[in-house]
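Remarks on the structure that follows.
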Amino acid sequence: MSDPGTNWAGNVAYRAERLVRPTTVEEIAGIVTASASVRVVGSRHSFSDIADTTGTMISLADLGGEPELDAARGVVRVPGGWRYGDLAPWLQERGRALSNLASLPHISIAGAVATGTHGSGERLGSLATQVRAVESIDGTGAPVRVERGDPDFAGSVVSLGALGVVTAVELDTEPAYELSQTVYEGAHWDDVLARFDEVQRGGDSVSLFTTWRDRDLVDQIWVKCRRDAPDLSVVGARPADGPRHPLPGIDPAPCTPQQGSRGPWFERVPHFRMAFTPSAGEELQTEYLVPRSDAVAAIDAVRALTPVIAPLLQVCEVRTMAGDDLWLSPASGTDAVGIHFTWRLDVAGVSALLPTIEAALPATMRPHWGKLFALSGADLAARYPHWDDAVALRERRDPDRRFHNAAMARFGL
Ligand SMILES: Cc1cc2nc3c(=O)[nH]c(=O)nc-3n(C[C@H](O)[C@H](O)[C@H](O)COP(=O)(O)OP(=O)(O)OC[C@H]3O[C@@H](n4cnc5c(N)ncnc54)[C@H](O)[C@@H]3O)c2cc1C
């Protein structure tokens with residue numbers, strides 16, 4: 001038993017009474033039934049109190065087990081505490097890969113899919129769409145296994161951690177692949193917005209980075225390609241003359257290889273290397289997803305707010321993702337564009353600004369569950385057609401509300 005500590009960014013000191021590290025699934029069931037209030041913490045990368053509880057916080061870091069690959073089905077079963085950065089080389093050694101990853105490999109798989117974490121790529125769904133089955137201990141201490149195709153599956157993956165302890169997930173894999181990564185500079189927003197679809201089609205994964213210090217300039221376009229790197233001169237962009245960090249002027253050593261060199265998927269798909277601290281640290285994050293059809297309006301709305309955004313901002317990233325059918329996924333029912341903000345570590349300043357940004361964005365906007373946002377209650381529920389189904393599933397899986405916490409109270413879930 002130990003102190004629950006803080007989240008990765010250090011802006012949330014967890015209030016849990018205790019942190020426990022079970023080593024078996026049986027032990028987990030006992031912990032859940034003995035606790036009036038319980039939650040799992042993954043790798044602590046969320047920026048809110050979403051993983052917190054007033055009672056027992058469970059870490060699965062010591063949960064035993066190795067992944068198991070079903071080569072015939074191309075499906076890997078992964079114990080609940082594993083991180084993408086550990087699974088990726090394990091898969092590579094066996095000739096398999098995941099279709100996409102987030103910007104960092106350090107996050108736990110169960111924690112990432114619980115919040116709808118995503119990478120970029122207009123034909124690639126969020127990481128939750130790679131999930132084929134979820135095994136968990138529910139709020140009654142009972143084991144539950146839900147597979148793609150089961151009636152409860154669409155509500156069980158992006159769970160916000162509210163449905164129980166995920167003890168294992170099964171993920172789709174594909175044959176290992178290589179890709180290149182090229183960073184471009186010099187593009188202008190007017191050109192990029194006019195040719196938004198063309199730019200996105202330039203690679204398997206495309207990220208637009210800007211600090212909004214110059215509201216006309218897209219500082220960098222990161223393109224990850226299985227085929228040849230695109231010519232982006234139509235939007236005024238040219239390949240950078242050296243490796244880049246998304247933040248101008250920062251040492252690019254923590255970033256994955258660039259300048260068009262090809263390499264294994266897991267060494268190019270994330271922006272950051274496993275061996276380094278991702279991003280620049282000392283930060284907060286917010287992200288809003290909008291339907292692809294609202295992307296240009298949403299980016300224009302943010303662009304109009306640059307005088308108030310830029311002073312608090314480290315960098316903004318725009319990514320695309322394919323829609324899915326998962327009830328609480330921010331990309332549920334629509335291809336989506338995510339507008340992400342890496343803020344300076346100024347909790348008061350960021351908290352004060354978020355309602356202004358949210359009011360300016362299209363009403364279709366949905367916030368990333370693992371980052372900071374102001375929307376709550378009915379304003380959130382109205383954006384999810386399956387909200388009532390999600391509430392009903394939560395009531396069945398956790399009738400005594402052991403997994404309820406302050407974040408769920410704000411969300412009204
Ligand atoms: C530097 C940085 C970069 C990031 N980049 C991206 C990005 O590229 N794309 C993106 O979409 N997001 C990104 N994020 C956000 C991050 O992916 C999410 O916050 C994600 O949920 C973090 O996973 P975690 O394992 O740290 O989960 P935690 O933050 O520990 O927990 C998140 C939720 O999952 C639940 N949970 C965790 N494990 C389990 C389990 N085994 N069973 C049941 N519930 C569980 C928790 O209770 C909580 O509700 C980034 C965050 C950081 C700090």
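First listed ligand is number 1; within each ligand, the first listed atom is number 1. Numbering of residues begins at 1 and proceeds along the displayed sequence.
With salt bridges taken as basic N to acidic carboxylate O contacts below 4.0 Å, one links Asp197 and Arg292.
Checking Thr115, Val38, Ile109, Val166 against atom 33 (C) of ligand 1, the nearest heavy atom belongs to Thr115.
In terms of modelled atom types and a separation under 3.5 Å, the side chain of Asn11 and the main chain of Phe47 share a donor-acceptor contact.
Counting atoms of ligand 1 from 1 in the listed order, those under 4.0 Å from a heavy atom of Val165 are 42 (N). For ligand 1, the atoms sitting less than 4.0 Å from at least one non-hydrogen atom of Ala102 are 7 (C), 8 (O), 9 (N), numbered in the order shown with element in parentheses. If you number the atoms of ligand 1 from 1 as listed, the ones under 4.0 Å from a heavy atom of Lys371 come out as 10 (C), 12 (N), 13 (C), 14 (N), 15 (C). Atoms of ligand 1 lying under 4.0 Å from at least one heavy atom of His118, given by number and element, are 7 (C), 8 (O), 9 (N), 10 (C), 11 (O). Heavy-atom proximity to Phe47, at under 4.0 Å, picks out these atoms of ligand 1: 51 (C), 52 (C), 53 (C).
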Discussion item. Between Arg39 and Asp52, does the salt bridge (charged side-chain N to carboxylate O under 4.0 Å, His left out) criterion hold? Intermediate values first, please.
Written reply: CA-CA 6 Å; Arg39 267 267 158 178; Asp52 205 1; over 6 Å; no
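In this structure, a donor-acceptor pair under 3.5 Å is present between the side chains of Arg397 and Ser156.
A tilted orientation is assigned to the rings of His106 and His45, their planes being inclined by 30° to 60°.
Of the heavy atoms in Thr117, both backbone and side-chain atoms come closer than 4.0 Å to ligand 1.
Phe411 pairs with exactly one of Phe373, Tyr384, Trp387 by the ring pair (Phe, Tyr, Trp, His ring centres under 6.0 Å) rule, that one being Phe373.
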